[in-house]
Student: 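Sharing a structure below in structure tokens format, with a few things to ask.
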Number of protein chains: 2
Amino acid sequence: MRRDIFQAIADPTRRAILVLIAVQAMTPNALAEHFDTTRQAVSRHLKILTECRLITAKHQGREIYYELEINKMKEIDGWLEQFRTIWESRFNELDKVLETLKKNQ
Amino acid sequence: MRRDIFQAIADPTRRAILVLIAVQAMTPNALAEHFDTTRQAVSRHLKILTECRLITAKHQGREIYYELEINKMKEIDGWLEQFRTIWESRFNELDKVLETLKKNQ
DNA sequence: AATTTGCGAAACCAATTAGTTGCATTTAAA
DNA sequence: TTTAAATGCAACTAATTGGTTTCGCAAATT
């Protein structure tokens, strides 16, 4: 049972759930209405998202509102960070080239 | 055969390949040395990464150097963008609260 | 008290995945 | 020209995944 954020966001339904929940906390039933699957299937996705701490359950009577853990989302951003330095440094090198061209004009 | 960037980066080996290649283009053999699997297995990962355009193959004699397509990596960043506005706006709301508190002191 | 509603868990199933071994092909080297 | 190296591809296998149906439980509603 590999359960990490990257495996969690690999599924398109789970990504959609995250986007929906980002706007507003929602119950499994409310979420299921947005998809062409059963509530139980959505529930399983919610379980997976909960297990890797991307969302948390807030019990309210017999309803359960799932809300986004925005800080966990930042971990994906964190992984991208190492590539960001690369794509920025490539821009920097382009800058250098442009500057050299300018100088030689 | 669902083949998108999110499914591609779901596998830890593929993520590691991306990081290695980010530093420097590499051949399948060179890459395989970093993992506890066969070269063929690495080759399949490279195929998947190639199919979703995260890497490209540069033939050089009988060797094939795979290099990162940094622009494709930005698509992940693009998806995160919608959440980034949220986590920034939450900071803003916190700012508002702090400001109100200050005013009422 | 009986019923309905909202939910998760278990059992099952088809499809996908990641790995292996065993090839075939192309290029360099002896 | 024979041989070795670098690679991709196909067939097979075990594990995982995402879905469904059925069930049980707890909280509202009647």
Side-chain angles (χ1 to χ4, degrees), chain A residues 1-21 23-69 76 79, chain B residues 1-21 23-69 76 79:
Chain A
M1 200 183 357
R2 195 183 71 218
R3 203 123 289 179
D4 59 277
I5 36 176
F6 296 100
Q7 185 256 345
I9 65 166
D11 183 88
T13 303
R14 286 198 287 270
R15 284 201 301 280
I17 288 174
L18 289 173
V19 172
L20 284 169
I21 281 183
V23 179
Q24 177 180 37
M26 294 176 81
T27 65
N29 263 320
L31 280 166
E33 285 174 13
H34 289 82
F35 304 102
D36 194 25
T37 57
T38 58
R39 176 191 56 77
Q40 285 88 338
V42 171
S43 231
R44 295 235 309 190
H45 285 306
L46 291 171
K47 190 185 177 189
I48 290 167
L49 290 171
T50 303
E51 277 172 4
C52 65
R53 314 271 182 182
L54 275 167
I55 65 177
T56 47
K58 303 280 168 180
H59 291 258
Q60 194 167 315
R62 67 180 164 188
E63 291 183 330
I64 301 178
Y65 284 86
Y66 285 91
E67 57 183 43
L68 188 67
E69 278 299 318
I76 305 165
W79 184 73
Chain B
M1 197 183 359
R2 198 184 70 216
R3 203 123 290 178
D4 60 275
I5 34 175
F6 295 100
Q7 185 255 347
I9 64 165
D11 184 87
T13 303
R14 285 198 288 270
R15 284 201 301 282
I17 288 175
L18 289 173
V19 171
L20 283 169
I21 281 182
V23 178
Q24 178 180 35
M26 293 176 82
T27 64
N29 263 322
L31 279 167
E33 285 174 14
H34 289 81
F35 303 102
D36 194 24
T37 56
T38 59
R39 176 192 57 77
Q40 284 90 335
V42 171
S43 230
R44 296 238 307 193
H45 285 305
L46 291 171
K47 191 185 177 189
I48 290 168
L49 291 171
T50 303
E51 277 172 4
C52 65
R53 314 270 183 184
L54 275 167
I55 65 176
T56 47
K58 303 279 168 181
H59 292 257
Q60 194 167 314
R62 70 180 163 184
E63 292 181 331
I64 302 179
Y65 284 87
Y66 286 91
E67 58 184 42
L68 187 67
E69 278 299 319
I76 305 165
W79 183 73

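All values below come from the heavy atoms of this structure, side chains included, with hydrogens, waters and symmetry mates left out.
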Student: I'd like a table of donor-acceptor pairs (distance under 3.5 Å, sequence neighbours excluded) in which one partner is a side-chain atom from residues 24-35 of chain B, with atom names and distances.
Tutor:
residue: B:T27; atom: OG1; partner: B:A30; partner atom: N; Å: 3.2
residue: B:H34; atom: ND1; partner: B:A30; partner atom: O; Å: 3.1

Student: Can you measure A:D11 atom CG to D:dT16 atom P for me and round it to whole angstrom units?
Tutor: 17 Å

Student: Could you state the CG-C1' distance from A:L46 to C:dA9, rounded to the nearest angstrom?
Tutor: 14 Å

Student: Starting at CD1 of A:I21, measure out to CG of A:L46 and round the result to the nearest 0.5 Å.
Tutor: 6.0 Å

Student: Which whole-number value in Å describes the distance from B:M26 CE to D:dT7 P?
Tutor: 11 Å

Student: Is there a side-chain polar atom (N or O) of A:R14 under 4.0 Å from OP1 or OP2 of D:dG18?
Tutor: yes

Student: Please figure out whether A:G61 or A:V42 has its closest DNA chain D nucleotide nearer the 5' end.
Tutor: A:V42

Student: Under 3.5 Å, which protein N or O atoms sit close to an N or O of nucleotides 4-7 of chain C? Give each pair with its distance.
Tutor:
residue: C:dT5; atom: O2; partner: A:R62; partner atom: NH1; Å: 2.8
residue: C:dC7; atom: OP1; partner: A:I64; partner atom: N; Å: 3.4
residue: C:dC7; atom: OP2; partner: A:N29; partner atom: N; Å: 3.1
residue: C:dC7; atom: OP2; partner: A:N29; partner atom: ND2; Å: 2.7
residue: C:dC7; atom: N4; partner: A:R39; partner atom: NH2; Å: 3.4

Student: In whole angstrom, what separates A:R15's CZ from D:dG18's C1'?
Tutor: 14 Å

Student: To the nearest angstrom, how far is A:R3 atom CZ from D:dA15 atom P?
Tutor: 17 Å

Student: Using whole Å, report how far CD of B:E51 lies from C1' of C:dT17.
Tutor: 14 Å

Student: When the distance from CD of B:E33 to C1' of D:dA5 is rounded to whole Å, what number comes out?
Tutor: 13 Å

Student: Go through the N and O atoms of the side chain of A:R44 and the base of C:dG8, and report whether any donor-acceptor pair is under 3.5 Å.
Tutor: no

Student: Using 0.5 Å steps for rounding, measure from the OG1 atom of A:T38 to the CZ atom of A:R44.
Tutor: 9.5 Å

Student: Minimum heavy-atom separation for A:I5 to A:C52, with atom names?
Tutor: CG2-O, 4.2 Å

Student: Between A:R14 (side chain) and A:I9 (backbone), is there a donor-acceptor pair under 3.5 Å?
Tutor: no

Student: Nearest-Å distance, CD (A:Q60) to C1' (D:dA27)?
Tutor: 13 Å

Student: Can you tell me how far apart CZ (A:R3) and OG1 (A:T50) are? Round to the nearest 0.5 Å.
Tutor: 10.5 Å

Student: Is the shortest side-chain N/O distance from A:T38 to OP1 or OP2 of D:dT20 below 4.0 Å?
Tutor: yes

Student: Please tabulate, one pair per line, all N/O donor-acceptor pairs under 3.5 Å involving side-chain atoms of residues 57-68 of chain A, not counting sequence neighbours.
Tutor:
residue: A:E63; atom: OE1; partner: A:Y65; partner atom: OH; Å: 3.3

